[in-house]
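Structure first, commentary second.
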Amino acid sequence: MSSVQDVIASSLSAALESLGVRIDPSQFVVERPARIEHGEFATNVAMVAAKQLGEKPRSVAERICEYLGRNPVKYQQRLEIAGPGFINFFLDYGYLHEELVQVVTLGEDQFARSGIGSGERVQLEFCSANPTGPLHVGNGWWASYGDALARLLRRCGYDVSTEYYVNDTGGQIRRLGESLLARRAGREVEEEGYQGDYVRELAARYSGPDDVVDAGKWAAEKNLETIKSSLDKLGIHFDVWFSQASIEESGAVQEILDLLDSKGLLVEEDSKKLFLSTRFGDSRDRYLVKAEGDFTYLAGDIAYHYNKFVVRGFQRVIDIFGADHHGQVASLKAAMDAIGIGSERLEIILGQMVSLLSGADRLKFSKRKGNLIPLEDLVDELGPSATRLLSLSTSIDRATSVDIEKVKAESMDNPVYYIQYAHARMASIERVRDQRGIEMPDLSQINLSLLVHPRELALLRELTILPEVVEEAAIDRAPYKITNWLKEFSGLFHSFYHDCYVMSDAVEMELTYARLCLVAGCKVAVRVALSLLGVEALEQM
RNA sequence: GCCCCUGUAGCUCAGCUGGACAGAGCAGCUGCCUUCUAAGCAGUUGGUCGCAGGUUCGAAUCCUGCCGGGGGCGCCA
């Protein structure tokens, strides 16, 4: 990325050198000031350098400005020293027009693409809700997050494989089987069982033997089909569905135990086996084999992660868990260090809890009781785009409460309309262009320097930062930053649309061409951003 | 007790690798449809950035302590 910012930054480094200081570019910033009165870009470099030079920031700024006066940056018009020592750059708008040419030339496929991933093989596991029932809003909320993160990482050059870990074995599956058999026999499901109506429906279809394991496995398979179709409705497709049972059956868990044992990290305690995880920072040691001889969940999970890193060779693994699985983090990381994988290669992102409100009432729900809101109902009600955008509007670190009534009733509240409307207006302009038979000249023939209206400039400025926003969102694992950009950009487009007619008798043809070009660039950017979130770009509304 | 998140406008949230007077949407109030879709635009009201210290030329942002909210500390998954 050889943006204007980078050019300014390297000029500043050269200026510093002429003053006899070396400052790493990471120590200072060249940023867009919050206020346009402060120029196109501003830097705090003089304040940073002042310390080393033992001078006042403003006098350092003056000397830097003198240097830049003799060796101006491309498009530089004038400089200003402001406040405690900021240097503000006022540039010729040509730099924005040049960037627009770039956007249009690169197009949807290439604009805002980054190579920071360098092809690193990343495995991204998310959702992974137990197949003991349908996906509900609570455990499906961050599924859109995982999917969007995968899209973001791919855009940035990572080689990503998405995965859903299916907990298709263990006590919960037995319990599911018990519940199923109880329903089939016309009995009530016990307190600890799964009481949702879906169990009743499944029981009516089950014709297998009266065996809790068979019944549980059968029901889990059916539930998994339901989960898959719910995710399908949201537009989420996993590369791999990985079975927990397959890990246990393969003998991989025993291999992990042997490996830990050989390192002296496993101790026998009666018939149980304890992993000395405290040696790797865990708050307590963890059992891997229970008194009855079964493996614990952690044992299987360690084997699963060994499989990800060693068997399948992923360089980095990202797991997205619900915050209620926070307790697993230290143990799993300790295990990675213990088996020589290195816990820094395992990144665990915790999605904070989601609570549902209906008006003022907080909805209490439980999977066992089966009184929760299926994700699918929300998707049916709102549509996939709105559902996705809802969970992609806030940081994953923030516990959110979703008011079902508000989201359903006041659709104006939902940013998806605002954003999609902006895209629809771009598409509409292009439809009218075609209807009127306006032929676009070659890009090089268009006089973009006509784009100087404040609305146009604001739009161009926001347009050019998308590549940085994409990188930042990927690095911070924060897809909501794309959403924020889209909201901001859509607002600027609506303002432009309102104030700047593209095709009208009052607008010179030259300007029409330039504005059509601007609209084309905007469309590219919005489509890129929407595709990263998995939100549909509507041609009309 | 320990660990992870979190506390910013009436509500929902940005801003938090320190920077120039703290932002947006919604709600409230006021204007704008003979031109490419008013699901829009423009204006306006509204904030001791939980509290107290500290570091700094400069703190919503970093550090410490306290207070409040959510989640976790299983031979459950």
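Only heavy atoms go into these numbers, but all of them, side chains included; no hydrogens, no water, no symmetry mates.
Side-chain atoms of R388(A) come within 3.5 Å of backbone atoms of L533(A) as a donor-acceptor pair (strictly under, hydrogens ignored). In terms of modelled atom types and a separation under 3.5 Å, the side chain of T387(A) and the main chain of L382(A) share no donor-acceptor contact.
For Y497(A), counting side-chain heavy atoms from C-beta on, the closest listed nucleotide (A38(B), G72(B), A77(B)) is A38(B). Of the candidate nucleotides U8(B), A77(B), C41(B), A77(B) has the atom nearest to the side chain of N130(A). With C4(B), C73(B), A14(B) as the choices, the nucleotide that has an atom nearest any side-chain atom of S283(A) turns out to be C73(B). Among U35(B), A77(B), A39(B), the nucleotide with an atom closest to any side-chain atom of K290(A) is A77(B).
A donor N or O paired with an acceptor N or O is found under 3.5 Å between the base of A20(B) and the side-chain atoms of N88(A). On a pure distance criterion of 3.5 Å, no polar donor-acceptor pair joins the side chain of H494(A) and the base of C41(B). One N or O donor and one acceptor, one from the side chain of R35(A) and one from the base of C21(B), sit under 3.5 Å apart.
Residue ring and nucleobase are not stacked for F86(A) and G19(B) under a centre distance beneath 5.5 angstrom and an angle between planes beneath 30°.
Residue order along RNA chain B, read from the 5' end via each residue's closest nucleotide, puts H38(A) first among H38(A) and Y501(A).
Atom P of G53(B) sits at a distance of 47 Å from the matching atom of G31(B), rounded to the whole Å. On the C1' atoms, G28(B) is 12 Å away from C11(B), given to the nearest whole Å.
Pairing partner, A77(B): none, since no Watson-Crick or wobble contact has both distances short of 3.5 Å.
For A39(B), the OP1/OP2 oxygens have a side-chain nitrogen or oxygen of Y421(A) closer than 4.0 Å.
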